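Encoded as structure tokens, the structure appears first; notes follow it.
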Amino acid sequence: MKRFLRLCPRPGSRPRSRPRSSPRPRRPRPRLATCLIALLALVLLGAAAGCGRPGSPPVKGPQPEDLPVYKVATGFSLPESPTWERAKRRGHLVVGVKEDQPYMGEKDPASGRYSGFDIEIAKMMSASLGFDPKTIEFKTIASANRETALQNGQIDYYVGTYTINDNRKKQVGFAGPYFMAGQSLLVRKDEKDIKGPEDLAGKKVCSAAGSTPYQRLQKEYPEAVLVAYDTYSACVDNLLTYQVDAVSTDDSILLGYAAKVPDELKVVGKPFSQEPYGIGVPRSDNALRLALDDALEANERNGNWKKAYEATLGLSGQPAPPPPAIDRYPAG
């Protein structure tokens with residue numbers, strides 16, 4: 001593509017003059033037209049290639065027609081939850097999510113549509129709370145800002161690869177867990193030296209600022225050269241351009257990126273942690289937390305959880321694991 005762009009003249013530019021000794025060709029096709037035809041051919045070829053091999057994951061992620069439909073609970077009421085009451089007066093829920101994690105939480109820049117397993121969890125929770133999932137207002141919230149967004153009431157709940165841990169429980173509440181992930185490593189396809197975290201000494205490893213994976217690398221693998229960005233997509237961009245040697249976060253996130261470009265990236269080694277994903281809620285709103293626990297259990301029993309996984313994260317090639325047990329920890 002770059003070669004053709006270099007060859008194509010800019011609008012209004014003059015073509016190079018032809019040497020006088022050169023024979024004049026018979027009715028040449030205009031040079032700009034030739035370039036435009038070549039560019040169009042490349043675009044069409046790229047579109048055809050984007051369809052992928054049979055069985056390969058769709059380039060743009062989960063397709064709307066393949067996603068489950070969640071029945072909205074009628075007559076549901078949760079007056080003891082101030083968060084639910086505010087949403088009821090507003091007429092819809094505001095949910096914090098990620099936008100750069102393929103098959104988990106991803107935003108299509110063209111349509112603005114969010115898709116992924118986390119998005120489906122947010123939608124099935126909405127339906128269980130009596131709100132049509134189509135009315136959800138999704139807000140992209142970076143990892144470092146999740147607690148603040150919940151504490152300030154910017155969002156009603158958060159679904160975005162949010163690991164439950166004791167330190168975070170001091171700041172927010174958690175429903176779930178709804179998925180068990182594990183920290184792993186994403187490298188370029190031609191990488192042969194990195195097979196696991198024990199090979200990271202002197203290697204540049206990228207993770208999201210403020211995330212649990214970054215903190216674990218800092219503590220347990222101090223010989224790695226850590227690089228931090230606000231988003232994992234920035235880490236992956238730096239991996240593809242050879243600015244870092246590996247990206248480390250939960251395997252669920254890394255599998256999505258590898259599935260997007262399987263000829264360029266791969267996940268290596270076994271997960272070296274357990275990351276229980278929970279739904280973040282305001283810490284004092286135990287009524288909402290427990291209602292979401294009920295909703296998760298109901299959707300696991302009726303098959304919605306598995307359908308949502310297969311239509312999203314299952315496109316990475318990993319079969320649906322059994323959902324983890326809900327942790328109904330006591331208030332306070």
Side-chain angles (χ1 to χ4, degrees), residues 70 72-73 76-99 101 104-105 114 116-133 135-179 181 208-212 215 230 250 275-300 305 323-332:
Y70 309 108
V72 180
F76 182 88
S77 182
L78 197 63
E80 59 271 34
S81 165
T83 307
W84 187 90
E85 283 289 305
R86 282 196 304 272
K88 187 66 175 177
R89 291 192 295 270
R90 189 193 304 128
H92 65 274
L93 288 161
V94 181
V95 182
V97 293
K98 296 286 182 67
E99 67 170 25
Q101 296 176 352
M104 287 299 290
Y114 287 85
F117 184 57
D118 281 339
I119 304 304
E120 292 307 301
I121 293 293
K123 287 161 61 178
M124 68 175 73
M125 295 301 97
S126 173
S128 296
L129 293 175
F131 296 91
D132 189 332
T135 66
I136 294 177
E137 178 186 346
F138 288 111
K139 279 191 176 182
T140 300
I141 306 290
S143 296
N145 301 328
R146 292 179 290 204
E147 288 81 14
T148 302
L150 286 166
Q151 292 164 352
N152 294 347
Q154 295 172 255
I155 54 177
D156 298 320
Y157 56 86
Y158 187 94
V159 192
T161 60
Y162 200 6
T163 299
I164 302 171
N165 61 41
D166 291 339
N167 186 52
R168 286 174 176 164
K169 281 183 181 178
K170 296 174 184 177
Q171 304 176 71
V172 300
F174 283 103
Y178 62 88
F179 188 78
S211 66
T212 302
Q215 294 167 6
D230 286 339
D250 304 342
E275 308 294 335
Y277 288 166
I279 302 172
V281 301
R283 188 173 186 272
S284 61
D285 201 335
N286 291 297
L288 178 62
R289 174 169 65 88
L290 294 174
L292 291 173
D293 282 338
D294 291 340
L296 283 171
E297 286 187 336
N299 281 279
E300 289 168 5
W305 187 95
I326 302 296
D327 178 17
R328 292 177 178 270
Y329 62 90

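Everything numeric here is computed off the predicted structure, so don't read it as measured data. Just so it is clear, the values below take in all heavy atoms, side chains as well, and ignore hydrogens, waters and symmetry mates.
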Hydrogens and angles aside, do [X] and [Y] bring a side-chain donor and acceptor to less than 3.5 Å of each other?
{"X": "E120", "Y": "Y70", "result": "yes"}
{"X": "Y277", "Y": "D250", "result": "yes"}
{"X": "E147", "Y": "Y162", "result": "yes"}

S81 side chain to L78 backbone, donor-acceptor under 3.5 Å:
no
Counting distance only, does the side-chain N/O of D293 pair as donor-acceptor with the main-chain N or O of A175 below 3.5 Å?
no
Heavy-atom pair of closest approach, residues [X] and [Y]:
{"X": "I119", "Y": "G105", "result": "CG1-CA, 4.2 Å"}
{"X": "D118", "Y": "G160", "result": "OD2-CA, 3.4 Å"}
{"X": "S128", "Y": "N299", "result": "OG-ND2, 3.3 Å"}
{"X": "T135", "Y": "H92", "result": "O-CB, 3.2 Å"}
{"X": "T161", "Y": "R146", "result": "O-NH1, 3.6 Å"}
{"X": "E85", "Y": "P79", "result": "OE2-CA, 3.4 Å"}

So, do [X] and [Y] sit near enough that their side-chain heavy atoms are less than 4.5 Å apart?
{"X": "V172", "Y": "P282", "value": "no"}
{"X": "Q154", "Y": "N145", "value": "no"}
{"X": "F131", "Y": "V72", "value": "no"}
{"X": "L292", "Y": "L129", "value": "yes"}
{"X": "V281", "Y": "T83", "value": "no"}

What verdict does the side chain to side chain contact (heavy atoms under 4.5 Å, CB included) test give for M104 and K98, after you've listed the backbone C-alpha separation in whole Å, the side-chain angles of each residue and the deciding distance to 0.1 Å?
CA-CA 8 Å; M104 287 299 290; K98 296 286 182 67; over 6 Å; no
Between atom [atom1] of [X] and atom [atom2] of [Y], what is the distance when rounded to the nearest 0.5 Å?
{"X": "L93", "Y": "W84", "atom1": "CG", "atom2": "CH2", "value": "9.5 Å"}
{"X": "L296", "Y": "I326", "atom1": "CG", "atom2": "CD1", "value": "4.5 Å"}
{"X": "E80", "Y": "L290", "atom1": "CD", "atom2": "CG", "value": "9.5 Å"}

Quick check: are there more than 12 heavy atoms from other residues, nucleotides or ligands sitting under 6.0 Å from CG of N286?
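For N286, atom CG is crowded (more than 12 foreign heavy atoms under 6.0 Å).
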By side-chain contact (heavy atoms from CB on, under 4.5 Å), which residues pair with N165, not counting sequence neighbours?
N167, R168, T212
Below 4.0 angstrom, N of the basic side chain to O of the carboxylate: do R328 and D294 qualify?
yes
Are any of the side-chain nitrogens in D285 or R86 under 4.0 Å away from the carboxylate oxygens of its partner?
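No.
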Measure the acute angle between the ring planes of F138 and Y114, then classify it against the limits of 30° and 60° as parallel, tilted or perpendicular.
tilted
List the steps and the verdict of side chain to side chain contact (heavy atoms under 4.5 Å, CB included) for I121 and M125.
CA-CA 6 Å; I121 293 293; M125 295 301 97; 4.3 Å; yes
Side chain to side chain contact (heavy atoms under 4.5 Å, CB included) between Y157 and F174: does it pass, once the steps are laid out?
CA-CA 9 Å; Y157 56 86; F174 283 103; over 6 Å; no
